[in-house]
Visitor: 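So that we are looking at the same thing, I have put the structure below in structure tokens.
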Amino acid sequence: MKGRFSFPKGWLTWTLLLFMLLCVSWAIEAAGWAEHLNLLQSAAIISLIVGYLLARSSWPGPIVHLMGGLSGLLWVGYLGTTLFPRTENWGQRLAQLVIHVTLWAEAVANGGNSADNLVFVLTMALLIWGLGYIATWLVFRHHNALVSVVVLGSVLLVNVYYARNDETAFVLFFLALAFLLIIRSNLTLQEEEWQAGDIRYNPDLAFYFLRDGAFLAVIVIAMAWFAPASLTDPRLTPLTARLARPWHQVQQHWSKLFSSLHYGKSQPGTTYFGTTLAFSGPVNLSDRVVIKVRADGGRYWRGAVYDKYSSAGWVNTDNVLLEVGKPPTRLPVVPYQKRHLLTQTYQLLSPNGNLLFAAAQPAQVSLGTRALLTPLSSTPASPGQPVNSASISMLYSVESLYRGQEYQVNSYISYADVQSLRQAGTDYPAWVRARYLELPDSLPERVRQEARQVVRGLDTPYDKAKALETFLRGFRYNEAIPAPPAGQDGVDYFLFDVREGYCDYYASALAVMLRSVGVPARIASGYAQGEKSASDNTFIVRERDAHSWVEVYFPGYGWVEFEPTAAQPPINRPETGTDRETTVGGALRPTPEPGESTASRLDRLRDVSALGDVPATGLQEVLRKSATRIGWSALILGLLSVLLGGVVWRSKWQREQQHAPLVLSIYRQVKVLGFLGGFPAQEWQTVREYAASLAEYSRLSKGLLLRLADLVTQRLYAPEGHSEHEGADHREAETLWQRIRWPLIRFALRPRWPRR
């Protein structure tokens, strides 16, 4: 039996690491960010093999790390070449790979966006390689499993947080493996110390630790899983407030590096609204409710405004983030004509960082607020200096927002009629001309020609905007279009190549075409109106209501919305100002109450400033959500328990084979088969008594079992150094085992009937 195959030392630790790294790879692939992410599995397996061999080597660290890095680059480069057609030779594939990487690097270096998903796949493969190499190095060279778990787990959590689908199963599987890895690694280190000190210990100790660790892992995971609402407690928000803004900046830079991933919206994270909006590929938004809005009207709930266009998308260039004041916050606004005040109450069911939503031109907020803006005066704003009028593009809460929180906003909404907008003229302020007529030199000329062709013969900016809006609404709506090819202008791609798309493309095309014919325009993103409740003035806004639209500037009337997207209802304005109500896509816009001034309506908001302190969820809500998860979470935990049980039992068997003498190992198997046959060993029985009882109960050869019992007793109680007949005893024990093994197996598997 000594010649049989046995696993190398550390095989269980390596296997746990492998499945943890594969868990991260599978989660990234399941998120569907791009095609060909199945390559990550190959990168994971090879990285662990190379990392293990290098960690076990006697070479110094710098040389090992250099070899690990070069190995990763070579292997990931090879994987990248496999994505090109097989008809090309290796030199041609490698040349194409270099071209893709070079073009991506040039776009990033020039401050532009990149839509090359191949580079993203290679980046993820290098990430997985690095994670695998670092994890094996830390575990097998430094016995530091905890840091490996933290590194791998951080990448998994970021992916799960931004994935469009539910990836909770990956987290549960990873946590179970992480518990076992930490236990196994620490126990291995302890065993090495015991062996170096010639300290005797129970060889079953590893099995006991792994068994209890698996049980503890299941309990901890279950406790964490059935307490899903704890992080929504508003008392925890100070812990995350400082991280919110820099993390959003990281998101924005990431969206520029890889703008065409399947984010589910054009930014990382589902319906994330940042300071950039890139032309993306297919979108797949869910029916999850994100906000509820109580208001007497309203068409759009705006989150962000973008003013600078490039071929890859839009950027918000406002450079002043001003903390406006204590709640209720009055915002610096421009007094435009034909506007009324609309009060909105937002209930956040899926907070978007610290971002606040507001209709049209926000004037006052019930929370402490920071405003991203450009002051509309010759004197720039400075800390502590009031800003009397500004163009506000985004609003952020001073404190972190939480699920279930409510806040109120008063906004000025335009009810300008068609006649007034036609008569507004073209006397644009300098700040409008400087920012909202700008177009890049790279814009294809055929885009400008198409715009001029559509508005030919029209004089007023309003008529030009309506003509271009009508023209674009004739394009087919499609959320499954691929992203523009690298280097191609997004609007040109939409107008002349695919001639279909979703709101980001419609809005971009209208704004760019308006600018090309001298009409200042910008695009805004947030949510469309949503579904109106039948019982009250509440709009149910879902993730799929995420939307982009166009705002056109009219002198004296400010920014006015236009809707070019074919899937959205049109905006219908009255022809003249005789009708003082404006119907916008079916939503009634009320006019100010007679005799009530704007200032008095704003003052009324002071009475609702406490809405920001509404508790997030109660015990009933927590229990309701937990109950809905019991079924499938129990199934997952059950499967994990079976898997972990198999792992620990295999580990126990291996440890027994390594540390226990052959005679004792055979006796343990005899007891296991006796237990399975319904005749377990009792604590009060000696080895010989149990052998005799088992022989009588199973009707096996009593002589063979008693002889095996004598060998076991002799091995257990022989004096130290007893080895005179050890070789002969081993051979005899093996012969006895061969004669009783199959009868014992048949005894264990036989059908058992109740004895009368």
Side-chain angles (χ1 to χ4, degrees), residues 31 160-168 228-229 231-232 234 237 240 244 247-248 251 255 262-274 277 280 283-295 297-305 344-360 362 365-367 394-397 399-409 411 479 502-504 507 524-533 536-549 565 567-568 585 587 611-612 614-617 621 624-625 628:
V160 170
Y161 179 79
Y162 288 109
R164 294 174 295 174
N165 48 342
D166 187 2
E167 297 193 349
T168 308
L231 292 179
T232 63
T237 56
T240 58
W247 182 247
H248 289 164
Q251 293 173 318
S255 68
H262 302 165
Y263 293 119
K265 188 76 172 78
S266 55
Q267 300 296 331
T270 306
T271 59
Y272 167 77
F273 304 100
L277 188 150
S280 183
V283 295
N284 182 21
L285 302 180
S286 71
D287 289 334
R288 176 171 57 97
V289 177
V290 291
I291 55 176
K292 292 182 179 180
V293 187
R294 293 196 303 272
R299 170 68 184 243
Y300 303 110
W301 321 117
R302 193 175 70 189
V305 173
Q344 315 122 64
T345 301
Y346 293 85
Q347 182 186 23
L348 300 176
L349 302 181
S350 181
N352 201 299
N354 282 29
L355 183 68
L356 298 173
F357 295 93
V365 185
S366 65
L367 301 177
M394 300 181 74
L395 295 174
Y396 298 97
S397 171
E399 300 294 336
S400 292
L401 303 173
Y402 54 87
R403 190 182 189 279
Q405 185 173 12
E406 290 190 1
Y407 65 91
Q408 267 195 359
V409 180
S411 300
E479 295 182 347
Y502 46 90
C503 58
D504 292 348
S525 284
Y527 292 101
Q529 184 184 70
E531 177 185 353
K532 191 175 187 300
S533 173
D536 55 13
N537 291 333
T538 299
F539 296 94
I540 310 299
V541 183
R542 304 180 184 275
E543 187 180 68
R544 56 178 164 79
D545 293 317
H547 189 51
S548 297
W549 61 95
T565 302
Q568 291 289 327
L611 282 175
V614 176
T617 54
E621 180 71 8
R624 182 186 65 82
K625 292 181 180 178
T628 61

Visitor: Side chains of Gln405 and Tyr407: donor-acceptor distance under 3.5 Å anywhere?
Guide: no

Visitor: Under the side-chain contact (heavy atoms from CB on, under 4.5 Å) test, which residues partner Gln347, sequence neighbours left out?
Guide: Lys292, Leu349, Glu406

Visitor: Say you draw a straight line from CG of Asn537 to CZ of Arg294; how long is it, rounded to the nearest 0.5 Å?
Guide: 10.5 Å

Visitor: For the OG atom of Ser397 and the OH atom of Tyr402, what is their distance to the nearest 0.5 Å?
Guide: 10.0 Å

Visitor: Return the minimal non-hydrogen interatomic distance between Ile291 and Val293, and the atom names on each side.
Guide: CD1-CG2, 4.0 Å

Visitor: Can you confirm whether Asn284 sits close enough to Glu479 that some side-chain heavy atom of one is under 4.5 Å from a side-chain heavy atom of the other?
Guide: no

Visitor: Under the side-chain contact (heavy atoms from CB on, under 4.5 Å) criterion, do Ser280 and Asp504 qualify, and how do the steps go?
Guide: CA-CA 9 Å; Ser280 183; Asp504 292 348; 5.7 Å; no

Visitor: Locate the shortest heavy-atom distance separating His547 from Thr565; write the atom from each residue and the value.
Guide: CE1-OG1, 3.5 Å

Visitor: Rounded at 0.5 Å granularity, tell me how far CD in Gln408 sits from CD in Gln344.
Guide: 9.0 Å

Visitor: Testing the basics here: between Gly303 and Leu355, what is the closest heavy-atom pair and its distance to 0.1 Å?
Guide: O-CD1, 3.4 Å

Visitor: Can you tell me how far OH of Tyr300 sits from OG of Ser525, rounded to the nearest 0.5 angstrom?
Guide: 11.5 Å

Visitor: Can you name the nearest heavy-atom pair linking Arg302 to Ala360, along with the distance?
Guide: NH2-O, 2.7 Å

Visitor: Rounded to the nearest 0.5 Å, what separates atom CD in Glu543 from atom OH in Tyr527?
Guide: 6.5 Å

Visitor: Would the distance check show the side chain of Arg544 and the main-chain N or O of Asp287 forming a donor-acceptor pair, the cut-off being under 3.5 Å?
Guide: no

Visitor: Determine, step by step, whether Val290 and Asp545 satisfy the side-chain contact (heavy atoms from CB on, under 4.5 Å) criterion, reporting the C-alpha distance in whole Å, the side-chain angles of both residues, the deciding distance to 0.1 Å, and the verdict.
Guide: CA-CA 9 Å; Val290 291; Asp545 293 317; over 6 Å; no

Visitor: Shortest non-hydrogen contact from Cys503 to Ser548?
Guide: SG-N, 3.4 Å

Visitor: Looking only at heavy atoms, what is the nearest atom pair of Leu401 and Leu348, with distance?
Guide: CD1-CD1, 3.6 Å

Visitor: Leu367 vs Leu356, test: side-chain contact (heavy atoms from CB on, under 4.5 Å). Steps then yes/no.
Guide: CA-CA 10 Å; Leu367 301 177; Leu356 298 173; 4.0 Å; yes

Visitor: Atom CD in Gln529, atom CH2 in Trp301: separation rounded to 0.5 Å?
Guide: 6.5 Å

